[in-house]
Every structure is written in C-alpha cells, then in structure tokens.
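Before any comments, here is the structure.
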2 protein chains.
Amino acid sequence: MLDAQIKSRYEIRAKIVKAMAHPSRMFMMDELAKGERCVCELTELVGDDVSTVSKHLAVLKNAGIVKSDKRGTQVFYALKVPCILNFFSCVESVMKQNAKDHATLS
Amino acid sequence: MLDAQIKSRYEIRAKIVKAMAHPSRMFMMDELAKGERCVCELTELVGDDVSTVSKHLAVLKNAGIVKSDKRGTQVFYALKVPCILNFFSCVESVMKQNAKDHATLS
DNA sequence: TCCTTTGTTGGCTATTTTGCCAAATAACCA
DNA sequence: TGGTTATTTGGCAAAATAGCCAACAAAGGA
C-alpha cells in the first residue's frame with residue numbers, strides 16, 4: 001500500500017462500502033430497490049427520528065448510491081446503481097454459508 | 001423495522017458489509033482474490049503493524065468472508081466467498097458513475 | 001532446552017459514527 | 001402573511017473503530 005494513489009483508491013472504495021454498512025441504510029436500500037420513497041415513508045418504516053433517517057440518506061447520497069428528487073415539500077430518494085442488488089445477494093450467500101458452518105460446528 | 005426478527009436480519013447483513021468497509025481490508029480481500037496469503041505477506045503489502053493486520057483479518061474471518069489455515073508458524077488466509085469479486089465490480093461502477101457526475105458538475 | 005519467527009490478544013488513546021433534540025429551511029395552503 | 005408539513009442541519013453525548021505498543025502463545029530450528 002505504499003503508493004499513495006493506490007491507497008487513495010481503496011479509501012474511496014471503502015467510503016462507498018462504508019456508506020452501505022448500517023442496518024437502517026441496508027434496509028432503506030432494499031426498500032428503494034422496489035421503487036422511490038420519500039423521507040417520510042422511510043422514516044415510518046425504519047422507526048427512527050426523521051433527522052436520523054435524513055442523515056442516513058445523506059450518507060448514501062454522498063456516496064453516490066442514491067439520488068434525490070424534491071417534489072413539493074417532499075424529497076423522494078431512489079437507487080442510483082442497480083447492481084447494488086447483486087451485491088446483497090452476495091451478502092446473503094455469506095450469511096447462508098455462515099449458517100451452514102455454524103450448524104456444522106454444533 | 002418494527003419486527004425484531006427483520007431488524008436482526010439487517011443487523012447481521014450490516015455486520016458483514018461493515019467487515020468489508022475499510023481500505024486495508026478491501027485491499028486484502030483484493031489480494032486474497034489472487035490466492036491465499038500469509039499474515040506476513042499481507043502485513044508487508046499493507047504496511048501497518050502486524051497486530052493491526054491480524055485484527056483486520058480477524059474481522060473478516062469473524063464475518064465469514066475469509067478462512068484461515070495455520071501451517072507451521074504461518075497462518076494463511078483465503079477468500080471464502082467468491083462473489084465478493086462481483087461486489088467490488090459494483091463498487092467500481094459506483095465510482096465511475098460518481099466520476100462522471102462530478103465531471104458533469106464542473 | 002533456548003532462541004527466533006510468526007501471529008494473536010490486551011490495553012489504551014484518538015477518531016469516527018450514531019441518534020436524539022432543537023433550530024433553521026423550504027414549499028404550500030388558508 | 002401566518003401557519004403547517006416535510007426535511008435538513010447544528011450540536012452534543014454515547015458507542016463503536018482504528019492502530020500502536022507490549023505481552024503472550026505456538027512452532028521450528030540450533
């Protein structure tokens with residue numbers, strides 16, 4: 001990792017992945033995969049304070065994972081990158097494997 | 001997210017993604033995608049303290065992303081889930097899109 | 001058996017992340 | 001214009017991460 005340029009590249013990558021690495025944000029991405037949602041809808045679903053949800057969405061937007069569209073007083077968020085879904089299926093496969101390994105251990 | 005079971009599911013998912021969300025860990029996963037590596041090799045490449053690298057690897061292992069094999073005094077780590085690679089290509093696509101958007105803004 | 005190499009773990013501080021409340025904005029409607 | 005709804009931002013305290021050093025454990029060789 002000596003090369004600063006390479007290091008920087010991994011830092012940028014990590015920033016994107018880090019943006020996904022939160023239960024509420026994972027949930028919201030899943031929800032957005034079904035279609036756009038306004039902050040109020042997501043807030044209702046997640047069950048946290050609106051300000052918290054808004055900040056989570058800002059993290060996702062800042063990472064380039066979602067985009068927002070203000071219509072009237074509402075702001076609608078939508079997934080910007082479709083491959084996110086494939087990614088989740090990979091995470092699922094890790095979970096399944098873990099479950100299998102765990103079962104084997106007992 | 002009221003349902004505790006669903007919430008728990010997203011927490012487990014997030015734990016896996018969070019394990020990936022670090023520059024050094026991303027780098028190591030990329031390196032492991034080429035083949036198994038011992039801790040000493042990864043330490044050399046990453047350039048951090050051995051203890052730091054060891055802890056990063058423990059995080060990845062605990063998440064079920066890598067597996068380890070002790071041979072003699074060395075411990076070899078290897079990727080456990082191949083789809084990790086597809087995931088990175090998705091992250092790359094986010095990066096490319098971000099770059100494009102950024103260019104458009106200027 | 002003692003020494004050396006390779007890794008892991010404990011401990012500690014610095015930094016980052018979370019999530020809530022309160023305050024500020026923005027867009028509408030009466 | 002004044003009030004209401006929807007969202008973002010500032011600020012702050014609690015919790016989680018990161019990374020270094022020192023100490024410990026394991027395996028092999030002299």
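- Put simply, CE on B/Met28 is 13 Å from P on C/dG7, counting in whole angstrom units.
- Taking CE of B/Met29 as the reference point, atom CE of B/Met20 lies at 6.0 Å (rounded to 0.5 Å).
- A salt bridge between A/Glu92 and B/Arg9 is present, with a side-chain N of the basic residue lying under 4.0 Å from a carboxylate O of the acidic one.
- Going from atom NE2 of A/His22 over to atom C1' of D/dA16 covers 11 Å, rounded to whole Å.
- In this structure a side-chain-to-backbone donor-acceptor pair under 3.5 Å is present from B/Glu41 to B/Cys38.
- Geometrically, A/Arg71 engages A/Phe76 in a cation-pi contact, judged by NZ or CZ lying under 6.0 Å from the ring centre and within 45° of the ring axis.
- Rounded to an integer number of Å, the gap from B/Met20 CE to D/dT17 P is 15 Å.
- The backbone N or O of A/Ala4 sits nowhere less than 3.5 Å from a side-chain atom of A/Ser8 that would complete a donor-acceptor pair.
- Rounded to a whole Å, the CD atom of A/Glu44 is 12 Å from the P atom of D/dT7.
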Show me the protein contacts with nucleotides 24-30 of chain C, counting only N or O atoms at under 3.5 Å.
unit_1: C/dA26; atom_1: O3'; unit_2: A/Lys70; atom_2: NZ; d: 3.4

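- Regarding B/Asp48, its CG atom lies at a distance of 10 Å from the C1' atom of D/dA18, rounded to whole Å.
- In this structure, CG of B/Asn62 is placed 14 Å from C1' of D/dT17, rounded to the nearest angstrom.
- A/Thr52 contributes no side-chain N or O that, together with a main-chain N or O of A/Asp48, makes up a donor-acceptor pair within less than 3.5 Å.
- Of the listed nucleotides (D/dT8, C/dG7, C/dG19), C/dG7 has the atom at the smallest distance from the side chain of B/Val75.
- Taken from CZ in B/Arg13 to CE in A/Met26, the straight-line distance is 5.0 Å, to the nearest 0.5 Å.
- Atom CZ of A/Arg25 and atom C1' of C/dT17 are 8 Å apart (whole Å).
- Of all the residues in residues 49-61 of chain B, B/Asp49, B/Ser51, B/Thr52, B/Lys55, B/His56 reach under 4.0 Å from DNA chain D with at least one non-hydrogen atom.
- Without hydrogens or angle criteria, B/Asn86 side chain to A/Asn86 main chain gives no donor-acceptor distance under 3.5 Å.
- Residue contacts for B/Tyr77: at a heavy-atom cut-off of 4.0 Å it reaches the sugar-phosphate backbone alone, with no base atom in range.
- Scored by the side-chain hydrogen bond (donor to acceptor under 3.5 Å, both in side chains) test, B/Lys61 finds B/Ser68 as partners (sequence neighbours excluded).
- Between B/Phe76 atom CZ and C/dT5 atom C1' there is a gap of 13 Å when expressed in whole angstrom units.
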